[in-house]
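Heads up, the thing below is written out as structure tokens.
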Amino acid sequence: KKIVCFSTAGSLPRRCISCFHLASTALHAPLTVATAHRRLSRSSQMSQELKDLKIKTNTVKLLLGDLKMSDKEIGQQKARIEKVKADADPMDVGNFGMSAITVAALRKRGVDTLFPIQQAVLKPALSGEDVVGRARTGTGKTLAFALPVIERLLTDGTSGRSRNPKCIVLAPTRELAKQVENEICITAPSLETVCVYGGTPIGQQEGKLRRGVDIVVGTPGRVQDLMNRRSLDLGEIEFVVLDEADQMLNVGFEEDVEAILQDCPESRQTFLFSATMPSWVKQITKKFLKPGHVVVDLVGDSKQKVADTID
């Protein structure tokens, strides 16, 4: 007669408890009647759960087989789902007039809602107006000025190799420049972005520029060097961004910034972000931004330059 064992170490069929003592003795795994009953009960429960799962799986397969959705229908279904999301949350990225391609790019990186600075800047920026934004570091200002740029470049179909940049972002430090570049690359990896700053071989940066880029992010000093070497042509610039403009003054970039702005087309759209507004920042705002530009102030009279939510 076949020996039956309830031990987890056993490999024999688990069907009968009448010979559990014999089985356990043979396999050196002593069991009590209570233990045998518990294991039998657990085994029966698992078997039922597996049957239920199989039924559910077959049901899903049946439904999917009956639907027979085309790629177009799947896309339409996804669009309906996104619309439900947007209707449920007024801060949802789908509620701010951006194209489906930009919204999809944001959702892909896990951005479903916009921060206050992003919401306030987006509407006038998409309307083509120049914007001055006062916001503390850590409030999402990078994406605030990046979104209008990304929206335009992704939807106008001009991106590709062998072209001059359409956007230039000036930052006071290499750390901030690299942070801005990373934010843009994560959101729109299909756009060609190059980050230029001093302390690294200029030849590598020139090579990337020769191959063609959509966006240049860099410190004013290195940007000016590349312009002087005729490696960087700003003749087709549509967007200029000054990030942390007040810090440009602190590190002595005033002349470089003004020279770069003068070399850009007058038809450009300009975004200037600064936590404080010293006299030099006010001067370049008056000189280089269009009259009637929009001011978004989320700082007010506070002297705090970093968001209180940042550790």
query: Please walk me through it: do E236 and K166 pass side chain to side chain contact (heavy atoms under 4.5 Å, CB included)?
result: CA-CA 6 Å; E236 297 179 27; K166 302 295 183 182; 3.1 Å; yes
- request: Sequence neighbours left out, what pairs pass side-chain hydrogen bond (donor to acceptor under 3.5 Å, both in side chains) with at least one residue falling in residues 117-133?
  value: D130-K290
task: Could you check if a side-chain atom of L170 sits within less than 4.5 angstrom of a side-chain atom of F253, using non-hydrogen atoms only?
output: no
- prompt: Would you say S274 and L242 make side-chain contact, with heavy atoms under 4.5 Å?
  reply: no
- prompt: Counting distance only, does the side-chain N/O of E206 pair as donor-acceptor with the main-chain N or O of L226 below 3.5 Å?
  reply: no
- request: Give the minimum heavy-atom separation between P124 and V294, together with the two atoms involved.
  value: CB-CG2, 3.8 Å
- line: In short, D243 meets P172 closest at the heavy-atom pair O-CD, 3.3 Å
message: In the structure I gave you, are the side-chain heavy atoms of D256 and V223 within less than 4.5 Å of one another anywhere?
response: no
field: Atom pair CG/CD1 of L143 and I184 - distance to nearest 0.5 Å
entry: 9.5 Å
field: Residue pairs involving residues 277-287 (criterion side-chain hydrogen bond (donor to acceptor under 3.5 Å, both in side chains); sequence neighbours excluded)
entry: E258-W280
query: Got L153 and I215 here, is their nearest side-chain heavy-atom distance under 4.5 Å?
result: yes
Under 3.5 Å: donor-acceptor pair, side chain of N182, backbone of K178: no
- line: Value for CD1 (I101) from CE (M98), rounded to nearest 0.5 Å, stands at 12.5 Å
message: Nearest 0.5 Å, please: how far is CG in D246 from CZ in R134?
response: 9.0 Å
query: Within the distance-only criterion (no hydrogens, no angle test), does the side chain of R268 pair as donor or acceptor with the backbone N or O of P265 below 3.5 angstrom?
result: yes
message: Please determine whether side chain to side chain contact (heavy atoms under 4.5 Å, CB included) holds for the pair T173 and Q247, giving the CA-CA distance in whole Å, both sets of side-chain angles, and the decisive distance to 0.1 Å.
response: CA-CA 9 Å; T173 65; Q247 297 304 306; over 6 Å; no
- request: Check whether I186 and V103 end up in the same hydrophobic cluster, where Ile, Leu, Val, Met, Phe, Trp and Tyr are linked by side-chain heavy atoms less than 4.5 Å apart.
  value: no
message: Using every non-hydrogen atom in the two residues, find where V213 and V216 come nearest and quote the distance to one decimal.
response: CG2-CG2, 3.8 Å
message: For a quick test of reading the model, state the closest non-hydrogen atom pair linking L234 to C264 and the distance between them.
response: CD1-SG, 3.9 Å
field: Note, L122 side chain near E151 side chain (heavy atom, < 4.5 Å)
entry: no
- prompt: Could you state the interatomic distance from CG (D263) to CE (M227), rounded to the nearest 0.5 Å?
  reply: 3.5 Å
- prompt: Salt bridge check: are K208 and E192 linked by an N-O gap of less than 4.0 Å?
  reply: no
task: First locate atom CZ of R152, then atom CG of L154, and finally report the distance between them rounded to the nearest 0.5 Å.
output: 12.0 Å
- request: With the side chain counted from C-beta on, respond yes when N95 and L114 share a heavy-atom pair under 4.5 Å apart, and no when they do not.
  value: no
task: State the CG-CZ distance between L232 and R222, to the nearest 0.5 angstrom.
output: 11.5 Å
Atom pairs and distances, side-chain donor-acceptor, residues 193-202, under 3.5 Å, sequence neighbours left out:
| unit_1 | atom_1 | unit_2 | atom_2 | d |
| --- | --- | --- | --- | --- |
| T200 | OG1 | Y197 | O | 3.2 |
| T200 | OG1 | Q205 | NE2 | 2.9 |

task: Run the numbers on L249 and V281 for side chain to side chain contact (heavy atoms under 4.5 Å, CB included), then give the verdict.
output: CA-CA 8 Å; L249 178 64; V281 175; 5.7 Å; no
Residues R107, D112; criterion side chain to side chain contact (heavy atoms under 4.5 Å, CB included); working and verdict: CA-CA 6 Å; R107 293 199 192 282; D112 291 313; 3.0 Å; yes
- request: Identify the two heavy atoms, one from G218 and one from A177, that lie closest to each other, and give their separation to 0.1 Å.
  value: CA-CB, 4.3 Å
Heavy-atom pair of closest approach, residues P148 and F271: CB-CZ, 4.2 Å
- prompt: Do E244 and K141 come close enough that some side-chain heavy atom pair is under 4.5 Å?
  reply: yes
task: In plain terms, say whether E183 and R109 are close enough for a salt bridge, that is, a side-chain N and a carboxylate O under 4.0 Å apart.
output: yes
message: Could you tell me if the side chain of I284 sits less than 4.5 Å from the side chain of L272, heavy atoms only?
response: yes
